[in-house]
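Data block below; observations after.
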Protein chains: 2
Amino acid sequence: MKKRITIKDIAKELNVHHSTVSRALRNDPRVTQKTREMVLAYAREHEFQINMNAVMLRGKANNAIALIVPNINHNFFSDIISQLTNLAYKKGYVISVFQTNEKYQQEKEIINTIVQHNFAGVIVSIAKDTVKSDHFSVLRKFGIPLVFFDRVCEDIIAPKVRVNNFEITQQSTECLLERGFKRIAHFTGTQDINVFRDRDRGYRAALDKYNMEYRNSQIITDDFSMDLGKDIFTKLWDSPDRPDAIISSSVHLTLGILLQAKAYGIDIPKDLGIISFGTLLSSIIIQPSITSIEQPENEIAEIAFELLENMIIRDNQEDELIEREVKAKMLNGDSAR
Amino acid sequence: MKKRITIKDIAKELNVHHSTVSRALRNDPRVTQKTREMVLAYAREHEFQINMNAVMLRGKANNAIALIVPNINHNFFSDIISQLTNLAYKKGYVISVFQTNEKYQQEKEIINTIVQHNFAGVIVSIAKDTVKSDHFSVLRKFGIPLVFFDRVCEDIIAPKVRVNNFEITQQSTECLLERGFKRIAHFTGTQDINVFRDRDRGYRAALDKYNMEYRNSQIITDDFSMDLGKDIFTKLWDSPDRPDAIISSSVHLTLGILLQAKAYGIDIPKDLGIISFGTLLSSIIIQPSITSIEQPENEIAEIAFELLENMIIRDNQEDELIEREVKAKMLNGDSAR
DNA sequence: CTGTTAGCGCGTTCAA
DNA sequence: TTGAACGCGCTAACAG
């Protein structure tokens with residue numbers, strides 16, 4: 001590690017005290033115009049860069065925000081990351097992104113790292129694996145503001161940004177029912193997570209409303225991958241009680257379904273209705289277009305950031321329950337153009 | 001900001017010296033079993049978390065690596081981010097992701113932040129906007145290891161991971177020529193960036209080899225968006241010298257092209273051949289499938305990380321020119337299944 | 001085995 | 001207006 005230039009180095013070189021240099025660099029008014037210019041010139045010339053570790057050790061607030069997501073390379077999350085990064089940049093914050101790979105253990109270690117490095121705040125969407133929530137309490141203990149989005153811990157008091165999963169899934173299911181589908185399967189994730197639980201509740205509410213039942217109704221997958229979607233769909237399709245429609249919680253599962261449907265020569269939507277969460281960018285050019293459920297990623301990012309920034313500025317942890325809900329929308333493939 | 005518990009607090013409480021606490025926490029052998037256990041128990045109970053700012057101020061190496069990309073929400077980059085984050089995690093590093101939005105100014109400010117926070121190393125793919133490279137020299141000055149991937153600064157001495165853009169674009173163009181296409185347009189990015197420059201050189205090399213010329217050949221876009229792809233294609237298609245094939249540098253441009261082609265009722269690939277960079281996930285279900293050029297994101301991440309880790313471990317900045325090239329592959333849509 | 005001391009780089013006293 | 005001294009939390013060197 002190269003030795004870096006410090007304010008003391010500058011002070012020695014210019015025959016002033018390092019506290020004077022410190023003041024000059026921060027534009028403290030009680031320093032001569034001349035001295036300041038001398039210091040600034042020297043600093044610029046020698047590319048002085050302040051050591052933030054020293055600054056923060058003295059208690060100055062960090063300007064780094066931690067963002068924790070299960071997967072960086074899912075569009076839903078990468079869109080939110082991108083937007084949050086831009087918002088933060090405008091306000092002088094820096095976002096560090098962490099990926100849990102859906103693992104509780106990694107999530108926990110990440111939280112510790114965040115505490116140890118004095119991050120200013122944390123925005124998180126929890127792992128599928130996360131059923132305990134003890135690791136979040138340490139943030140509260142250390143006074144680090146926390147905001148949940150999308151996938152939340154129900155038993156931790158912190159602001160939460162939710163998507164209207166119940167409502168939109170109910171609506172989507174009803175849409176299929178109204179189009180005459182009778183055996184609708186629901187491909188979704190673990191029921192430990194609010195998002196997938198809410199979606200399944202919405203799905204069942206719609207079935208109940210129409211007095212429908214379907215034996216193979218709920219299919220829970222641990223993983224959202226194209227291959228898994230393909231496999232699950234294949235089994236289901238070849239089973240005695242074949243579905244005539246599917247609601248899918250993930251673009252990747254949907255791609256697997258579509259792929260296999262194509263191999264089987266299944267006519268969509270005649271023989272198989274599909275509604276899928278997630279923006280299937282190319283659904284607009286797929287023949288036939290499928291209906292997708294679009295989530296407002298930018299709005300989620302904006303609200304989450306706003307909530308967190310408020311807490312950071314007011315040096316405050318919320319004790320009341322702040323919940324904000326944003327609305328996903330159904331986008332019919334054929335009307336997308 | 002809440003006051004956090006420190007080793008001194010623990011020391012006072014247990015009537016030992018804080019240096020003893022420090023040793024106990026780090027499992028220094030020269031501390032009694034009993035003392036250590038006492039300290040560890042107390043620390044665990046009170047959720048002590050070490051203050052990394054203090055540790056780093058003393059000179060200990062940081063375990064945080066900075067990753068700078070133009071856009072987090074492009075699949076090429078988000079795949080690399082995801083993979084890098086996992087590799088880093090296994091080795092005990094943490095990745096912080098920064099987004100330049102293709103702006104030189106942001107890139108520069110990010111570099112300063114990185115220096116100020118003493119990051120252990122930097123992995124970067126530069127912004128389209130970045131024509132100067134002065135801001136990278138500060139990293140060298142401060143002894144922070146640097147690795148470029150994909151989009152590189154030619155005049156900075158640092159390890160570079162490149163994709164065989166020249167070769168693969170030449171090959172793709174020849175592929176189209178051999179299939180009988182004669183007026184092939186090239187949709188690509190600014191020629192200030194090695195990636196797009198290399199692709200265009202490969203494209204032209206193929207044309208030259210076949211003694212072909214095409215007036216509208218090179219179309220440079222500032223931005224890679226679906227809308228722009230659609231607009232540009234529309235203009236081109238309606239021009240007197242209509243293309244019969246396109247090589248596209250971006251999935252988003254390609255989607256725009258496909259969308260408009262569909263609206264025009266253009267038969268692909270009979271009336272319009274298309275080869276596109278980027279994994280068009282759903283190309284496997286698009287009818288007709290289009291040929292894509294797949295880049296080895298995981299391999300890029302692995303090599304970049306390995307190169308950087310070597311420099312970090314050896315506390316070394318490379319003076320020799322390390323260049324590694326990875327190979328993109330053409331993937332024919334119809335053989336993808 | 002444990003305590004003492006010093007210092008990492010900076011900002012904030014308090015004094016001059 | 002500037003300087004001197006101190007301390008943020010931690011670890012290394014040295015002393016006991």
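Here is how names work: the chains are called A, B, and so on, in the same order as the sequence lines, proteins then strands, and each is numbered from 1. For clarity, every value in this text was computed on a predicted model and none was experimentally measured.
- Counting non-hydrogen atoms under 4.0 angstrom, A:Ser19 reaches a base of the nucleic acid.
- Put simply, the side chain of B:His18 and the base of D:dT11 share a donor and an acceptor less than 3.5 Å apart.
- Between the P atom of C:dG11 and the CG atom of B:Asn53 lies a distance of 14 Å, rounded to the nearest Å.
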Derivation and outcome, side-chain hydrogen bond (donor to acceptor under 3.5 Å, both in side chains), residues B:Thr130 and B:Glu107: CA-CA 8 Å; B:Thr130 297; B:Glu107 196 172 274; 2.9 Å; yes

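- Using cut-offs of 30° and 60° for the angle between ring planes, the A:His74 and A:Phe77 rings count as tilted.
- The base of D:dT1 does not come close enough to the side chain of A:Arg30 for any donor and acceptor atom to sit less than 3.5 Å apart.
- In this model, the phosphate group of C:dT2 is approached by a side-chain N or O of B:Thr35 to a distance below 4.0 Å at OP1 or OP2.
- Comparing A:Leu57 and B:Thr32 by the nucleotide of DNA chain C whose heavy atom lies nearest to each, the residue mapping closer to the 5' end is B:Thr32.
- Distance from the side chain of B:Arg26 is smallest for D:dT11 among the nucleotides D:dA5, C:dC10, D:dT11.
- A donor-acceptor distance shorter than 3.5 angstrom exists from the side chain of B:Ser137 to the backbone of B:Asp134, with no hydrogens or angles considered.
- Atom P of nucleotide D:dT1 and atom CE of A:Met38 are separated by 15 Å, given to the nearest angstrom.
- Minimum atom distance to the side chain of A:Ile7 is reached by C:dC10, of the listed D:dT2, C:dC10, C:dG9.
- In this structure, A:Ser22 reaches the bases: a heavy-atom distance under 4.0 Å links it to at least one base atom across the strands shown.
- Side-chain N/O atoms of B:Arg23 and base N/O atoms of C:dG3 include a donor-acceptor pair closer than 3.5 Å.
- Residue A:Lys8 has its side chain nearest to C:dC10 when only C:dC10, D:dC10, D:dA5 are considered.
- In this structure, the nucleotide among D:dT11, D:dG9, C:dG9 sitting nearest to the side chain of A:Asn51 is C:dG9.
- Regarding A:Arg4, its CZ atom lies at a distance of 9 Å from the C1' atom of C:dG9, rounded to whole Å.
- With C:dC10, C:dG3, D:dG3 as the candidates, the nucleotide lying closest to the side chain of A:Thr20 is D:dG3.
- The listed nucleotides are C:dC10, C:dG3, D:dA4; the one nearest the side chain of B:His17 is C:dG3.
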